[in-house]
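By convention in this document, chain letters (A, B, ...) are assigned in the order of the sequence lines, proteins followed by strands, and residues within each chain are numbered from 1.
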Amino acid sequence: MGDAISEASSRVASLNPAQRAAVVHRGSPVLVLAGAGTGKTRAITHRVATLLDEGVEPWRILAVTFTNRAAGEMRERIERLCEGEHETRKIWVGTFHSICARILRQHGTGVGLSNRFSIYDSADQQSVMRKVLDAHNISTKMYSPRGVLGVLDKAKNQGLGPDDLERLGIHDPMLSIARKCYKTYQERLRAADAADFGDLLLHTVRLLRDAQRTAGQGQLGDLDPLYRLSRRFDHVVVDEFQDTNPIQAELVDLLSTDAELCVVGDDDQAIYGWRGADVDQILRFSDRHPGTEVIRLEQNYRSTTHILDCADAIIRKNRGRLGKTLWSDLGEGNPVRVMMLYDEREEARLVAHEARTAIDEGMEPEGIAIFYRTHAQSRVIEDELRRAGISCRIVGGVAFYERLEVKDVLSYLQVLLNPNSDVHLTRIVNRPSRKIGNTTVTKLSNRATEEGVSLWAAMEHPESAGLGAAAARRIRGFVELIHQLRALVGTMDLPQLMVEVVERTGYRIALAQDDNEESQARLENLQELQGNLIEFVEERPDAGLDDYLELVSLVGGERSEGDRGRAVTLMTIHSAKGLEFERVYLTGMEERVFPHARVLDDPFQMEEERRLAYVAVTRAKRDLTLTMCRRRMLYGQTQVGTPSRFVLDLPSESTNQIGRDLTTSPRTPKAAARTVTRQSPSWQNDIEYDEAPDAPFTEDELGGSEPEGEGVHLYIGMLLRHKAWGEGELVGWHGSGRSLKLQIKFPTRGLKTVVASFVEPV
DNA sequence: TAGGGTAAGTTTTTT
DNA sequence: ACTTACCCTA
């Protein structure tokens, strides 16, 4: 015991007083308000390590994070801290969703889930909802599956069932539609033995709630495994608490009945409001948990002061903050660089070129990260990095697992585990072609709905669905095939199983037969999937098919190009939260990209966008570069961009503009005058040039042949009048001649694309 | 039933 | 731009 205590004290010796307080405080709930880079993960991991030193059983500790990445990082760091001293594997570390999935695998029968239930992603959800809407004769044109699912998701995030939807403040007809569909949707999921992401939380909370309510009543209460689960933990740690939504907060409470609770968060980094997260959660924590010890971490250990000053300049403009003063003693460092490029291709080339140079000079590729607001921006960058011969890791996005053939094979595997999963079964029933067409599937599906059973159940008795003899025969053949494959599960390892699936279903043969480049690529993707499975089996030798599928559905994709270990990281800012890098490139710093076009007229969302910018900037340790483009191909159209307001907020003392002028290139004196007044007038003076800016883009650079509409000379920024919409400003165009389309920003209507002949110059 | 062709919608962010 | 949905024909 004496050893344990000296160990504990040596651990905290390297911490500052506030961190130490967060680590050693015992006996009441702790709320740690931790600014970016203030060593919050350090505090958490040390707290866990210290708990182990004190003799707390690892399996009595629960650590919850928000993203899989953060969970992985947390586990790794705890392991590193405790290497050779403690058995850290038994600590529960995971995201809310993975923890719930784990609980439901064991205890899901209470909500109608078997231990092999499927987890539906948003594509799966949409296909279920589409059918639900059809069944209720609701036009999917007027009420999109996505839209209705959005309402359900909101409800689930707040722990509301179908009958509590009024509380969301929605009104008819959406209210009654959502209510009906919610019920049917849940019935369908239950019949499919499936849960969506929201269900993972909601089901778990229901089970734990019920267990606690009934505990005191029956004699068996104390033996209820769920009740025991809720009392299992002595210590619960929650990271990124500002991003929890009400249902997650309730889950935390339910899992910490007997536990000491330690939550960590930063109101300035709340970026999941759109997912139902409520910053108030962190503000109200002390009220919900009397006796809470509040600890503030304000010393930043990550970034140089130039970077911090930029971060502060951005976040300072938000209202309703708790307010923190971050400071750092790492020195000024390099100024934050601001660069304007011609288009997204040049932006990508620049980043790739710089990364190449840095790596050649000995920098670790892992120390470099490239951020963007939306996944759509990643492709060009990926492309240019590949050209520069740089390996990269792309987090999320249109992941490997989303590819058609990969989804197909995974659907097969999913069906082997849970044939009742209609979505997966429907996907593969006729792939490759087995002459089982829509008509047949629809008949079976209707029959299944009538009976309230799954499609698979209906397929096992094809004759009762009124199928023709030939169709019934084909179905029987398919059912037999699945039975055969299911018999193989558990008799061989996963990579082998996949090979059997691909062979016995004829999937590989079908691909191999149409001999074109595309199917060649698909075969290669299947090879890659097999490699993935081999890797998985090596890492977790005793894991089964269920474990693999759960990993795929919860962790989603991470694509790698080239060498896995030594790679530059590409990701959205959202997935960058909680991470840090020596060098960060923040790309696409243009209005309508970041801040995103959809939030421009919503001050509330704009504040969230600002926090997102704050998160992005504070990821950088030493070097930060913000890039933007004059024009960008977006949603299939070339848009002319103006610098993001977040760039305009940066203090000149801490920034350095490299290369081209940031103002939109003026075409005519008239446009130039407008440009200057429209943007921050002080902009020119705000920037310190360390070198003369390049000459402005030439006409040629800006797009070559400029369209002439009926002899009128067009230029960006010119005013045009539309009969119905009034005057607007020209921001871009495409096409030519009669099909010349103009993009015009109307003060009242927003951005519109109109045929040139409908407008005239002012 | 399948396959081709056209029309339409789609894109914020994550689990 | 890109994908999906639906419609029509073979």
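B:dT11 and C:dC6 have their P atoms separated by 15 Å, with the value rounded to a whole Å.
Aromatic ring pairs are classed by plane angle as parallel below 30°, tilted from 30° to 60° and perpendicular above 60°; the pair A:F66 and A:Y272 is tilted.
A close approach under 4.0 Å does not occur between any side-chain nitrogen or oxygen of A:T572 and OP1 or OP2 of B:dT13. Distances shown here put a side-chain N or O of A:T439 below 4.0 Å from the OP1 or OP2 atom of B:dT1. Regarding contacts with the backbone of B:dG9, every side-chain N or O of A:S144 stays at 4.0 angstrom or more from both OP1 and OP2. The side chain of A:R379 places no N or O atom within less than 4.0 Å of a non-bridging phosphate oxygen (OP1 or OP2) of C:dA1. Contact check, A:N438 against B:dA2: no side-chain N or O comes under 4.0 Å of OP1 or OP2.
The one candidate from A:R275, A:R611, A:K577 that meets the salt bridge (Lys or Arg N to Asp or Glu O under 4.0 Å) condition with A:D243 is A:K577.
For the pair A:R598 and A:S433, nearest-nucleotide mapping onto DNA chain B gives the more 5' position to A:S433. Mapping A:T440 and A:R275 onto DNA chain B by nearest heavy atom places A:T440 closer to the 5' end of the strand.
A donor N or O paired with an acceptor N or O is found under 3.5 Å between the base of B:dT13 and the side-chain atoms of A:R373.
With centres under 5.5 Å and a plane angle under 30° as the test, the ring of A:Y272 is not stacked against the base of B:dT14.
Salt-bridge check for A:E347 with A:R632: passed, with a basic side-chain N closer than 4.0 Å to an acidic carboxylate O.
A cation-pi contact links A:R105 to A:F117, judged by a cut-off of 6.0 Å to the six-membered ring centre and 45° from its axis.
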